[in-house]
Protein chains: 4
Amino acid sequence: MRVLYLGDIVGRSGRTLVLEKVPELREQLKLDLVVVNGENAASGFGITRKICDQLLEIGVDAITTGNHVWDQKETAQFISQEKRLIRPINFPKGTPGIGAGLYEVSRGRTALVINAMGRIFMDPLDDPFACVEAELSKHRLGHTVSFILVDIHCEATSEKMAMGHFCDGRVSFVVGSHSHVPTADAQILEGGTAYQTDAGMCGDYNSVIGMDKEEPLQRFTRKMVAGRFTPAMGEGTLCGVFVETDDRTGLAKRIEPLRLGARLHESMPEL
Amino acid sequence: MRVLYLGDIVGRSGRTLVLEKVPELREQLKLDLVVVNGENAASGFGITRKICDQLLEIGVDAITTGNHVWDQKETAQFISQEKRLIRPINFPKGTPGIGAGLYEVSRGRTALVINAMGRIFMDPLDDPFACVEAELSKHRLGHTVSFILVDIHCEATSEKMAMGHFCDGRVSFVVGSHSHVPTADAQILEGGTAYQTDAGMCGDYNSVIGMDKEEPLQRFTRKMVAGRFTPAMGEGTLCGVFVETDDRTGLAKRIEPLRLGARLHESMPEL
Amino acid sequence: MRVLYLGDIVGRSGRTLVLEKVPELREQLKLDLVVVNGENAASGFGITRKICDQLLEIGVDAITTGNHVWDQKETAQFISQEKRLIRPINFPKGTPGIGAGLYEVSRGRTALVINAMGRIFMDPLDDPFACVEAELSKHRLGHTVSFILVDIHCEATSEKMAMGHFCDGRVSFVVGSHSHVPTADAQILEGGTAYQTDAGMCGDYNSVIGMDKEEPLQRFTRKMVAGRFTPAMGEGTLCGVFVETDDRTGLAKRIEPLRLGARLHESMPEL
Amino acid sequence: MRVLYLGDIVGRSGRTLVLEKVPELREQLKLDLVVVNGENAASGFGITRKICDQLLEIGVDAITTGNHVWDQKETAQFISQEKRLIRPINFPKGTPGIGAGLYEVSRGRTALVINAMGRIFMDPLDDPFACVEAELSKHRLGHTVSFILVDIHCEATSEKMAMGHFCDGRVSFVVGSHSHVPTADAQILEGGTAYQTDAGMCGDYNSVIGMDKEEPLQRFTRKMVAGRFTPAMGEGTLCGVFVETDDRTGLAKRIEPLRLGARLHESMPEL
Ligand SMILES: [Fe+2]
Ligand SMILES: [Fe+2]
Ligand SMILES: [Fe+2]
Ligand SMILES: [Fe+2]
Ligand SMILES: [Fe+2]
Ligand SMILES: [Fe+2]
Ligand SMILES: [Fe+2]
Ligand SMILES: [Fe+2]
């Protein structure tokens, strides 16, 4: 299976680029599954029904999120009706929405997408390792499901790597989000799981993690709030990861970073 | 000027590789300056006099550090005698060692290396922005000094990017350390400063940030301490960043990641 | 029922005082139940089998703990054999020991003691509110059990107060530990639950939270480690809370702080 | 000198009580100086010019603050004109307002009030110990100034106690704020400085640290935002500390907690 994961979409710069490029990439890379992280799609904070629909319409199969999932009030309302929008699995019991979604892919295959949130330097949710374990126990890679992706949304690189090894051999691809910076450590772990610590954001990299740099900079230096955080509006760069797996095992044959756009060194997988 | 910065050296896997490769790279890339982060060189925790000497002997010009700088008791003793070992500049007044070092490079040129530590999710030190500002006010890039490097050692990508923009146009190269994962966001900022959020570690990437993965994994899942953290002992990967600057301005002409070794996609700048 | 809870016992100063005073207080206050927090009893770090036995011998009915519970290696070994030593209930499944203990009191009555750990500014464990809820669902105060105590071990006063209100009307007494400072906010909440934000420590108050003040002070000012933390060895002060409940309802009739010893204003409930 | 310090005033419940009681207490306790912490006076968030004026009119001599000082936009505007409103001394250079104020008291005496913010579990400001040291170096207790108060606004009890010992013998009174819970550890330290870890808040104690308990409780259990934090509107309790010093030395002769109002055990110093 050929899968593309795109990291946190930040504001209009990121959205515009994703909406434009996903259809082309789908074709060009013969993608079976496209997953994007949408937690910052709406002006940097959360995701609206409208943006969610736009992404699904142009060929995104599933949208993961993170700590910003509830920033838009409407999300808690519509998430129960939209199984392709996933919130972290380790929210308390009773939280609207789902933390893992099972999707049909071409030729009768299914893909499972899990979203979990780390706890180091982040809000204390339930144990992401135990929650992922519980979800994995319901499936068997290469048998009941062809592909499993885990989006581990967290701050600490140690927690992301630990999740990679924790899932190694049982999952097709573990990818991190939240740092808004792509890492250059794509590798296939010992057990066959593709891994990259962070996919990076889709947004304007002439910024502070996608936000216009003026306000963050003055907060760092003056320790006072002067205005609001707003997304940087320059041309965006698309950041993601391409993974190819063996359908019989569900394990990875190949992992390649994808970077396309204004500011970073470009990287495009070749078929 | 041609400069190579190598990220946090973790234990023997990292050290062996750095000691072996730096002389070759110095030649091959015609390097004028080599700076490495050595805060995890001694079994993952700090740096000893012996390791410091080994690195300096094979052609390292300056060694930066971070939150692990004092892990080895001897460091606070010998650091005052070794101006090529730098600790973060924003430790309190009276701290042994220096936070910025001025070094002679070939053909009468000088290079300034500054090490600062971020405060988000880290121990509260003095303001890194104010401390870097104070140091920069003593120099003028392209006039009194040919090259200025700032190693911003911190957790949050936002703080690293903010430091990049804060220094933009006044510094040759801002590079992050501490996360132990190389980022793929090398770019030249608007003002001409080369920037990469994190250089990554020099160590074994089949690990949890360079440490044998067993203990971190059991701590994440069981929330109890079972043993000590020890560096992973598999073959290492060298991670760093190559920067080329214009001697008249001190600003960057080029920035390229360097990755060399066992597990990550390789990247080698071409002259 | 008349109950005495004593806060974190810190080192020898605290231990000596507790061993001396508990038998007297048991008599004097006609106590039915004595619970102490023992997480710092062994030189400030954890609790040993020997100290545990000493406390149980002189009339302590149950010992709660907190984040320091595993500081002594032997604890994870013997805790399964000693039902009167309790570790926080929200450790992961499979953790040795129990998070809630049911004890027989005089005249056929039973008392339930629950220990939970907060997560704000502390290590991320499972949800303390959900875990306490699960335990409370097995009992009914005033019917299946005469007395329920919740020791909420945490940093933030907000989380402690929230636990108080969360349990209000369903528990006899919610008391905080961990801050090592007694609070002066003893009250009976609207639903009848006795509450005090922190019981304070049993130890030397001429110190930094029970520790000899030299090392903490130099760490705060110099940001370097110079030595180890050792308990302050001056005369101790006993800090705790006395609660009296109605056996028919299990709810509180009275809550009084108890302070006895060297440095703080004394407070002794009168019968 | 006789001094009353009142802890964080939270919303209308706290304000009403302070405005009503301070004039009476000033008389009754023959107070020479009244200092209050006003960081939560305006609906729980910051302080307005109007509230500031009301407090000063009824006999408050100085108002300290903390992390909430800038919550009301107008504060950064008017603070430079009002020397009796103090913000933490360890904000960056260039911050509006002052971190220490010198006030005339009766019979030609002067009192110095310093406000500092801790950094453990709080926003990283400059070193509070170094900043307090710098301020103290300008004065000499018992000679150039009759009374010195340090309000250490912070989360961790360890940092508050460390500040107490750091100032011991050089300051009349070190008192903590921010936790919104009064502590019961009033004591005179070895060097003669009066000390209490936290003065507690002036507000409704049937709450979560002064806030209506519904929203905090649902956030703790559901991990989602449902509404805003608003101050609890029940009857308030006044919490503070009374200190009496020797005018020749400026050191403490006596420290007594003061609690007056709806829910906590009352405590009133007797002259
Ligand atoms: Fe994000
Ligand atoms: Fe995020
Ligand atoms: Fe490091
Ligand atoms: Fe580090
Ligand atoms: Fe403790
Ligand atoms: Fe504790
Ligand atoms: Fe406050
Ligand atoms: Fe505060």
Side-chain angles (χ1 to χ4, degrees), chain C residues 118-122 127-130 133 155-166 168 176 178-190 195-198 200-201 205-211 213-214 216-217 219-223 237 239 255-257 259 262-265 267, chain D residues 118-122 127-130 133 155-166 168 176 178-190 196-198 200-201 205-211 213-214 216-223 237 239 255-257 259 262-265 267:
Chain C
R119 301 191 291 185
I120 308 300
F121 310 133
M122 301 196 78
D127 181 349
F129 295 91
E133 183 70 51
E155 182 71 35
T157 49
S158 58
E159 199 170 14
K160 284 162 163 169
M161 283 196 199
M163 184 59 83
H165 294 300
F166 183 76
D168 188 21
H178 180 70
S179 84
H180 290 201
V181 176
T183 60
D185 65 334
Q187 60 171 302
I188 297 178
L189 303 177
E190 287 177 320
Y195 173 80
Q196 185 170 310
T197 294
D198 205 295
M201 69 166 169
Y205 278 84
N206 180 16
S207 68
V208 172
I209 59 168
M211 294 289 152
K213 58 202 177 212
E214 196 177 329
L217 255 169
R219 287 201 198 173
F220 273 115
T221 53
R222 300 183 59 232
K223 307 306 294 173
T237 298
C239 279
I255 174 167
E256 298 277 349
R259 293 186 301 275
R263 297 194 66 90
L264 308 187
H265 294 203
S267 169
Chain D
R119 301 191 291 185
I120 309 298
F121 310 134
M122 301 195 78
D127 181 349
F129 295 91
E133 183 69 53
E155 183 71 35
T157 48
S158 59
E159 198 169 14
K160 284 162 164 170
M161 284 196 198
M163 184 57 84
H165 294 299
F166 183 76
D168 188 19
H178 180 69
S179 84
H180 290 201
V181 177
T183 59
D185 64 335
Q187 59 171 303
I188 296 177
L189 303 178
E190 287 178 320
Q196 185 170 310
T197 295
D198 204 296
M201 69 166 169
Y205 278 83
N206 180 16
S207 68
V208 172
I209 57 167
M211 294 290 153
K213 59 202 177 210
E214 195 176 330
L217 255 169
Q218 83 83 25
R219 286 201 199 173
F220 273 115
T221 53
R222 301 183 60 233
K223 308 304 295 174
T237 297
C239 278
I255 175 168
E256 299 276 349
R259 293 187 299 276
R263 298 195 65 90
L264 308 188
H265 294 205
S267 169

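Order of the sequence lines fixes the chain letters, A, B, ..., with proteins taken first and strands second; residue numbering starts at 1 for each chain. Please read these numbers as outputs of a predicted model, since none were measured by experiment.
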For residues C/E159 and D/V208, determine if any side-chain heavy atom of one lies less than 4.5 Å from a side-chain heavy atom of the other. no
Side-chain (D/T183) to main-chain (C/T183) donor-acceptor, under 3.5 angstrom: no
Look up atom OG in D/S158 and atom NE2 in C/H180, then write down how far apart they are to the nearest 0.5 Å. 10.0 Å
Over all heavy atoms of both residues, which pair between C/I188 and D/R263 is shortest? Give the atoms and the distance, please. O-NH2, 3.1 Å
Can you tell which part of C/P216 gets under 4.5 Å to a heavy atom of chain D, answering side chain, backbone, both or neither? neither
Test of understanding: with side chain to side chain contact (heavy atoms under 4.5 Å, CB included), list the residues that count as partners of D/E214, not counting sequence neighbours. D/D212
Only counting residues at least two apart or in another chain, list the ones meeting ring-ring contact (aromatic ring centres under 6.0 Å, His included) with D/F220. C/F129
Measuring from atom CZ of D/R222 to atom CG of C/D127, what distance do you get when rounded to the nearest 0.5 angstrom? 12.5 Å
Could you measure the distance from the CG atom of C/L189 to the OH atom of D/Y205? Nearest 0.5 Å is fine. 14.0 Å
Can you name the closest pair of heavy atoms from D/E155 and C/A156 and give their distance? OE2-CA, 3.6 Å
Heavy-atom pair count under 4.5 Å with chain D, highest-scoring of C/G200, C/S207, C/G164: C/S207
C/A186, part contacting chain D, at a heavy-atom distance under 4.5 Å: both
For C/H265, does its backbone N or O pair with a side-chain atom of D/Q187 as donor and acceptor, under 3.5 Å? no
Should D/E190 and C/K213 count as an ion pair when the cut-off is N to O under 4.0 Å? yes
For chain D, the option from C/I120, C/T197, C/V181, C/T221 that forms the most heavy-atom pairs under 4.5 Å: C/V181
Rounded to the nearest 0.5 Å, how far does NE2 of D/H165 lie from CG of C/N206? 5.5 Å
Please check: side-chain N/O of D/T157 versus main-chain N/O of C/S179, any donor-acceptor pairing under 3.5 Å? yes
Between D/R219 and chain C, with a heavy-atom cut-off of 4.5 Å, which part of the residue counts as in contact: side chain, backbone, both or neither? neither
